[in-house]
Protein chains: 2
Amino acid sequence: MVDRLSELFGALADPTRRAILARLAEGEATVNQLAEPFPISLQAISKHLKVLERAGLITRGKEAQWRPCRLDAGPLREVADWIADYQRFWEQRYDRLGDYLHQLQRDETKPEE
Amino acid sequence: MVDRLSELFGALADPTRRAILARLAEGEATVNQLAEPFPISLQAISKHLKVLERAGLITRGKEAQWRPCRLDAGPLREVADWIADYQRFWEQRYDRLGDYLHQLQRDETKPEE
DNA sequence: GGGTTGATTAACCGAATGGTTGAGAAGGGC
DNA sequence: GCCCTTCTCAACCATTCGGTTAATCAACCC
């Protein structure tokens with residue numbers, strides 16, 4: 001996993017990590033809070049967080065013995081940019097792209113896994 | 001890699017595979033044509049193609065002894081949908097989303113790795 | 001049929017992944 | 001100081017991944 005985009009796609013290629021991002025979209029959370037919904041060990045979550053951190057998708061603070069995580073969606077823009085190059089291949093008319101995304105935006109769906 | 005989205009992200013998490021998609025965005029190609037730019041064996045390319053096919057990102061035909069590959073960007077829409085849920089986190093104003101993507105569209109950049 | 005070209009399959013290899021358990025660091029609360 | 005909580009680090013394990021080489025299949029050409 002040498003390049004930026006591969007690191008990003010790789011970080012997103014795991015349902016647990018995407019679920020963590022979805023949780024963080026609702027606000028900051030500690031490692032224990034993030035781990036709570038999952039049937040795996042805290043240490044495994046810790047590893048997932050390290051992957052997300054390396055990809056720049058989260059940032060971690062330090063508050064007493066807690067390590068609060070925050071979502072950083074910035075890098076997702078790089079992914080969106082890459083995908084945008086292919087939109088004309090799934091949209092019948094190139095200029096319908098805007099409409100499509102405007103509609104998505106109107107739906108105002110909350111991020112979730 | 002059990003779920004659809006993980007399969008898609010996983011397929012995209014490799015520079016060789018993304019380069020193959022970029023090449024196919026220019027039109028159909030045989031396995032040998034796809035393999036030509038890369039310093040790796042034909043068999044390795046064959047494996048990458050199988051991954052892309054399982055993810056539904058390419059389809060393969062059969063013409064005499066050639067196995068022409070075609071891009072199928074459809075599944076990328078699922079990825080775009082997932083990402084769209086996070087756009088408000090990197091866009092200052094939610095309703096600027098359309099503008100941003102309209103601009104991308106105006107740039108009309110060709111897909112490339 | 002025999003040879004060549006295009007592509008896949010199979011077996012193998014080293015490194016990375018996703019998980020585990022166990023130990024330990026760091027920071028309150030008392 | 002002592003204990004408890006939170007979290008990370010280290011070692012290990014099984015599986016997957018990305019690559020290799022060798023063998024094989026399938027279709028064409030002569």
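These figures come from a predicted structure and were not determined experimentally. In what follows, chains are A, B, ... by sequence order, proteins preceding strands, each numbered from 1.
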For a quick check of understanding: with a heavy-atom distance under 4.0 Å over all strands, which category does B:A44 fall into, base, sugar-phosphate or nothing?
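It contacts base atoms.
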If you take atom types as modelled and just measure distance, does the side chain of A:Q43 reach the base of C:dG22 with a donor-acceptor pair under 3.5 Å?
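Such a pair is found, so the answer is yes.
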Please work out whether the ring planes of B:F9 and A:F9 are parallel, tilted or perpendicular, with thresholds of 30° and 60°.
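Because their plane-to-plane angle lies in the 30° to 60° range, the rings of B:F9 and A:F9 count as tilted.
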Measure the spacing between CD of A:E36 and CZ of A:R23 and express it to the nearest 0.5 Å.
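Spacing of CD (A:E36) from CZ (A:R23) equals 10.0 Å.
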Closest-nucleotide ordering on DNA chain C, the 5'-leading residue of A:K62 and B:R60:
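Upstream on the strand: B:R60.
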With respect to the side chain of B:D14, which nucleotide from D:dC9, D:dC12, D:dG18 is positioned closest?
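Taking heavy atoms from C-beta onward, the closest nucleotide is D:dG18.
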So if I take every side-chain heavy atom of A:N32 and compare against D:dA27, D:dT6, C:dT20, which nucleotide ends up nearest?
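Selected nucleotide (nearest to the side chain): D:dT6.
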A:L49 has an atom CG; how far is it from atom P of D:dC9, in whole Å?
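My rounded result for the distance is 12 Å.
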B:L12 CG - D:dG18 C1' separation (whole Å):
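Taking CG of B:L12 and C1' of D:dG18, I get 17 Å after rounding.
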Rounded distance (Å) that lies between atom P of C:dG18 and atom CZ of A:R54:
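About 13 Å, once rounded to whole Å.
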How long is the span from the CZ atom in B:R17 to the CG atom in B:L34, to the nearest 0.5 Å?
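CG of B:L34 is found 14.0 Å from CZ of B:R17.
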For B:L42, report the nucleic acid contact type (base, sugar-phosphate, nothing); a contact means any heavy atom under 4.0 Å.
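Base: the residue B:L42, judged by heavy atoms under 4.0 Å, touches a nucleobase.
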From CD of B:Q33 over to C1' of C:dA7, roughly how many Å is that when rounded to an integer?
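It is 13 Å, rounded to the nearest whole Å.
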